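Below: one structure, written as C-alpha cells.
Note that the structure is predicted; figures quoted are calculated from it, not measured. Counting convention: from 1, in listed order, for ligands and their atoms alike.
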Amino acid sequence: MAARCAAECTDTMQPIGLFGGTFDPIHYGHLRTAFELRQLLRLTEVRFLPTGNPPHREHTIANAELRLRMVRAAVAGEPAFTVDDREMRRSGVSYSVDTLAELRAEHPHRSLCLLLGMDAFLGLPHWHRWRELLELAHVVVAHRPGWKAPTQGPLGEIMVDHGTGSIRDLHDRPAGRVYIHAVTQLEISSTELRQLILAGRDPRYLVPDEVRRILLDTQCYSPQT
Ligand code: ATP
C-alpha cells in the first residue's frame, strides 16, 4: 500500500516537458527554449523526443542515428534534459498522438506539457488526430520570431476553449490547457543551419561545441565531394 501510494504521489509531482522535433540538427534555439520553459513552468524534466520518420517532411538529411547522437551530445551537460528515443525505435511514421498516448499510460496522473514553437503550433491542425493531443497533454507554445498567436479558425477556437494564462493550471491538471509564452528569440533554424554548412560556413556559436564537433567529423550537411 505504502509503495503504491509512493508511486502515485511521485506520478502527480511537477509536470514533465516533452520537446519533439526532427533536430536536423539540434541548435541553441531548441536548447534555450527548453531551458527557459523548464525554469518558467517548473518542469522536473524536459524530455527531447527526436522523430524517427517524420510525417510532415519528405525525409531528414541526417539519419536517425546521427540526429540522436547530436541530441544526446547537446543535452549531456544539463541533468534536467533527457532524451527519449522511442519514436526512432518505432517502425514506420511516428505520430505525436501515439507517443503521447504511450507516455500518458506510463504516467497516468502526471501533468505532461508538449512544448512547441509557434510555427509548429500553427501547423497543429495538420497533425494526425490533433484534437486528441489536448486530452493527453497540455500544449505550451513558445513565441518564435515573426509568428503571431492565432485568433481565428480551429486554433483560435482552441485558444478560447483551452487557453490559459496560469502556470498553476498546468500543475493542477494533467492535460487540456494551452499556454503561450515568449522566450528569448534566437533566430536559428535547422534549415538555415544546414544551408550555412552547405555554403562552407562555420556553425560555431549556433550549436553546442559537442554538436559542432560531430558536424565536422561526419560532414553530414557538407557539400558532397
Ligand atoms: P527546420 O528548419 O528543419 O524546420 P527547426 O529549426 O524548426 O527545423 P525542428 O526540429 O523542426 O527545428 O523543431 C522542433 C521544435 O523546436 C518545434 O516545436 C519548433 O517550433 C521549435 N523551434 C525550432 N527552432 C526554434 C527557435 N529558434 N526558437 C524556438 N523554438 C524553436
Problem - Geometric N/O contact Val183 with ligand 1, under 3.5 angstrom - result: no

Practice task
Ignoring hydrogens and angles, state whether a donor on the side chain of Glu87 or Thr99 is under 3.5 Å from an acceptor on the partner side chain.
Solution key: yes

Practice task
Spell out, as yes or no, whether a donor-acceptor pair under 3.5 Å connects the side chain of His30 to the backbone of His27.
Solution key: yes

Handout entry: Atom indices of ligand 1, in the order listed, that fall short of 4.0 Å to a heavy atom of Gly21
Key = 10 (O), 14 (C)

Problem - Backbone of Gln14 reached by a side-chain donor or acceptor of Arg110 within 3.5 Å - result: yes

Handout entry: Ligand-residue contact atoms, ligand 1 with Asp119, heavy atoms, under 4.0 Å
Key = 19 (C), 20 (O)

Exercise for the section: Report the part of Leu186 in contact with ligand 1, treating N, CA, C, O as backbone and CB onward as side chain, heavy atoms under 4.0 Å; options are side chain, backbone, both, neither. Expected result: backbone

Completion exercise
In this structure, CD of Glu132 is separated from CZ of Arg129 (nearest 0.5 Å) by 4.0 Å

Problem - Ligand-residue contact atoms, ligand 1 with Gly20, heavy atoms, under 4.0 Å - result: 14 (C), 15 (C)

Practice task
For ligand 1, note which part of Arg32 has a heavy atom under 4.0 Å away: side chain, backbone, both or neither.
Solution key: neither

Completion exercise
In ligand 1, the atoms that come under 4.0 Å of a heavy atom of Phe23 are 10 (O)

Which atom pairs, one a donor and one an acceptor, fall under 3.5 Å between side chains of residues 75-83 and the rest of the protein, sequence neighbours left out?
{"residue": "Glu78", "atom": "OE2", "partner": "Ala80", "partner atom": "N", "Å": "3.0"}
{"residue": "Thr82", "atom": "OG1", "partner": "Glu45", "partner atom": "OE2", "Å": "2.7"}

Problem - Per-residue contact class, His27 against ligand 1 - non-hydrogen pairs under 4.0 Å - result: side chain

Practice task
May I ask you to list the atoms of ligand 1 that are less than 4.0 angstrom from any heavy atom of Ser189?
Solution key: 2 (O), 6 (O)

Problem - Contact (N/O only, under 3.5 Å) between Thr191 and ligand 1 - result: yes

Handout entry: Numbered atoms and elements of ligand 1 in range of Leu116, under 4.0 angstrom, heavy atoms
Key = 18 (O)

Handout entry: Contact list for residues 204-215, test side-chain hydrogen bond (donor to acceptor under 3.5 Å, both in side chains), sequence neighbours left out
Key = Asp202-Arg212

Exercise for the section: Under 4.0 Å, heavy atoms only, figure out whether ligand 1 is touched by the backbone of Thr33, its side chain, both or neither. Expected result: side chain

Practice task
Without swapping roles, check the side chain of Asn63 against the backbone of Leu66 for a donor-acceptor pair under 3.5 Å.
Solution key: yes

Practice task
Verify, without hydrogens or angle tests, whether Thr60 (side chain) and Asp24 (backbone) share a donor-acceptor contact under 3.5 angstrom.
Solution key: no

Problem - Arg194 neighbourhood, listing ligand 1 atoms whose heavy-atom distance to it stays under 4.0 Å - result: 3 (O)

Problem - Within 6.0 angstrom of Arg69 CZ, more than 12 heavy atoms from elsewhere - result: no

Problem - ligand 1 contacted by Phe121 (non-hydrogen, < 4.0 Å) - result: no

Exercise for the section: Using distance alone, determine whether Asp24 and ligand 1 share an N or O pair under 3.5 Å. Expected result: no

Completion exercise
For Thr22, the ligand 1 atoms with a heavy-atom partner under 4.0 Å come out as 9 (P), 10 (O), 11 (O)

Handout entry: Aromatic ring pairing Tyr179/His181, orientation class (parallel under 30°, perpendicular over 60°, tilted between)
Key = parallel

